[in-house]
Peer 1: 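Here it is, the structure in full.
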There are 2 protein chains.
Amino acid sequence: MHNDELQHPHNHQACLEQALHIADTICVKKGVRLTTIRRRILELICSSHKAIGAYELLDLFRVEDAKAKPVTIYRALDFLITAGLVHKIESLNAFIGCLQAEKQHQSVILICDQCKNAYELNAAPVYESLFTMSKKIQFKPTSLTIELHGLCVACA
Amino acid sequence: MHNDELQHPHNHQACLEQALHIADTICVKKGVRLTTIRRRILELICSSHKAIGAYELLDLFRVEDAKAKPVTIYRALDFLITAGLVHKIESLNAFIGCLQAEKQHQSVILICDQCKNAYELNAAPVYESLFTMSKKIQFKPTSLTIELHGLCVACA
DNA sequence: CTTAATATGTAATATTATAACATTTCATTT
DNA sequence: AAATGAAATGTTATAATATTACATATTAAG
Ligand SMILES: [Zn+2]
Ligand SMILES: [Zn+2]
Ligand SMILES: [Zn+2]
Ligand SMILES: [Zn+2]
């Protein structure tokens, strides 16, 4: 999966399968359990590149499990985010699957406000620059959120 | 007001007065109305450098107007944010006053997760870098959120 | 003063997220 | 295989954040 594929039609079935396969591998490696529920919710999130909200996810999940509750979704999200398989987009209160969870990455999220597709772009120099700046003022960084809204090439 | 003042004791009364004065000026220049409510809410936000939530703000505002409702706060926030006088910190669902509203600025927000102080640091090169990246993939940026969490020098 | 636009009041509700405690499932030890 | 303890899930309730809709009041302009 390359970044540019996300802006164009692509074989998304393969894209999804890869994400799930990587998730399996990572969870085995980390010794954590990608249970049926967790895996299914990851699958729902990765079923497109659009950012999806927790309650949208709940609606989808309820197709199979009519009496699922919000906390089911939030627990799975918590697990998936901690495992690095999903990212929260703070400015949307929505979630996307990570397509490069297997490797350490320093990414920014680009969000098309028209089509809602969101994807990560590697931006190591940006992180470098920010960490250098914070070092100068003796600020100890722990986590960084970078979200760029706009219009993708397809929607512009 | 210099950035480093925010990490150290400073004359915050002057800091607050300056923020309100700049707000007055900007609203006159823009031909918008900084009403009593709006100005008071800005004053409450700027009463410290800690990020403050809408309902915290409501509690403070209710000391003077016992029957104020959430929408009063959200309307004022909407106005103040549009005017560039306040920024929302997406990763906290909280708000801070902007100390450089009079000039165009490209800033990142540094948030100390211990003391909750949050302040803006100019980071034009970071914006440059991100805009260059997005240009390459023909993404048209409209807005950018950069929030760096960590520990400030006082809390480390 | 009248008018139209803007701001505020008021009530209800939508959306996002977590707390608390019971029960079940799973892996490990005996 | 049974006992144990930890992790996951079920269930109910509620907290926290934010908006909609419509009525009334205030303001600026003609
Ligand atoms: Zn990622
Ligand atoms: Zn788009
Ligand atoms: Zn100050
Ligand atoms: Zn600012």
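Bear in mind that the values here come from a model prediction, so they are computed numbers and not experimental data. Order of the sequence lines sets the chain letters (A, B, ...), proteins ahead of strands, with each chain counted from 1.
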Peer 1: Using whole Å, what does the distance between atom P of nucleotide D:dT17 and atom CG of B:Asp78 come to?
Peer 2: 18 Å
Peer 1: Between B:Glu56 and A:Asp65, just flag the one whose closest nucleotide in DNA chain D comes earlier from the 5' side.
Peer 2: A:Asp65
Peer 1: When we call it a touch if two heavy atoms are under 4.0 Å apart, what does B:Arg33 touch: a base, just sugar-phosphate, or nothing?
Peer 2: sugar-phosphate
Peer 1: Could you state the CD1-P distance from B:Ile52 to D:dA16, rounded to the nearest angstrom?
Peer 2: 15 Å
Peer 1: Going hydrophobic residue to hydrophobic residue with side-chain gaps under 4.5 angstrom, can you get from A:Leu144 over to B:Leu130?
Peer 2: yes
Peer 1: Between C1' on C:dC26 and CG on A:Leu34, what's the gap in Å once rounded to a whole number?
Peer 2: 15 Å
Peer 1: In whole angstrom, give the distance that lies between atom CG of B:Leu80 and atom C1' of C:dA7.
Peer 2: 14 Å
Peer 1: So does B:Thr35 get a side-chain nitrogen or oxygen closer than 4.0 Å to the phosphate oxygens (OP1/OP2) of C:dT8?
Peer 2: yes
Peer 1: Between D:dA15 atom C1' and B:Asp59 atom CG, what is the distance in whole Å?
Peer 2: 14 Å
Peer 1: Can you tell whether the side chains of A:Asp24 and A:Arg39 come within less than 4.0 Å, N to carboxylate O?
Peer 2: yes
Peer 1: Looking at B:Asn93, does any N or O in its side chain come under 4.0 Å of the phosphate oxygens OP1/OP2 on D:dA18?
Peer 2: yes
Peer 1: Roughly, in whole Å, what's the span from CD1 in B:Ile73 to P in C:dA7?
Peer 2: 16 Å
Peer 1: Can you identify which nucleotide, out of C:dT10, C:dT8, D:dT11, has its nearest atom closest to the A:Val71 side chain?
Peer 2: D:dT11
Peer 1: Between the base of D:dA15 and the side chain of B:Tyr55, is one N or O donor paired with an acceptor at under 3.5 angstrom?
Peer 2: no
Peer 1: Sequence neighbours excluded, which residues qualify as ring-ring contact (aromatic ring centres under 6.0 Å, His included) partners of B:His87?
Peer 2: B:His105
Peer 1: In a table with atom names and distances, give each donor-acceptor pair under 3.5 Å that connects a side chain of residues 72-85 of chain A to protein atoms at least two apart or in another chain.
Peer 2:
| from | atom 1 | to | atom 2 | distance (Å) |
| --- | --- | --- | --- | --- |
| A:Thr72 | OG1 | A:Lys69 | O | 3.2 |
| A:Thr82 | OG1 | A:Asp78 | O | 2.8 |

Peer 1: Which of these nucleotides, C:dA11, D:dA18, C:dA17, is closest to any side-chain atom of B:Lys88?
Peer 2: D:dA18
Peer 1: Tell me whether B:Val108 shares a hydrophobic cluster with B:Tyr119, the cluster being built from Ile, Leu, Val, Met, Phe, Trp, Tyr side chains joined at under 4.5 Å.
Peer 2: yes
Peer 1: Nearest to the side chain of B:Arg75, heavy atoms from C-beta on, is which of C:dT8, D:dA8, C:dA11?
Peer 2: C:dT8
Peer 1: Provide, to the nearest angstrom, the distance between the CD atom belonging to B:Glu90 and the P atom belonging to C:dT15.
Peer 2: 18 Å
Peer 1: Tell me which nucleotide among D:dT17, D:dT11, C:dA17 gets nearest to the side chain of A:Lys67.
Peer 2: D:dT11
Peer 1: Can you tell me the distance, in whole Å, between the CG atom of B:Leu57 and the C1' atom of D:dA18?
Peer 2: 14 Å
Peer 1: Out of curiosity, B:Asp65 CG to B:Thr36 OG1, how far, rounded to the nearest 0.5 Å?
Peer 2: 11.5 Å
Peer 1: Taking the nucleotide of DNA chain C with the nearest heavy atom to each, does B:Lys69 or A:Ala94 sit closer to the 5' end?
Peer 2: B:Lys69
Peer 1: Are OP1 or OP2 of D:dT19 and a side-chain N or O of B:Tyr74 less than 4.0 angstrom apart?
Peer 2: no
Peer 1: When we call it a touch if two heavy atoms are under 4.0 Å apart, what does B:Arg38 touch: a base, just sugar-phosphate, or nothing?
Peer 2: sugar-phosphate
Peer 1: Looking at CG of A:Leu92 and NZ of A:Lys116, how far apart are the two atoms once the value is rounded to the nearest 0.5 Å?
Peer 2: 6.0 Å
Peer 1: Closest-nucleotide mapping onto DNA chain C: is B:Val32 or B:Pro70 further toward the 5' terminus? I mean the 5' end.
Peer 2: B:Val32
Peer 1: Have a look at the helix from C:dC1-D:dG30 to C:dT30-D:dA1 and give the angle its two end axes make, five pairs each, rounded to 10 degrees.
Peer 2: 30°
Peer 1: So, A:Asp113 and A:His149: side-chain donor and acceptor under 3.5 Å apart, yes or no?
Peer 2: yes
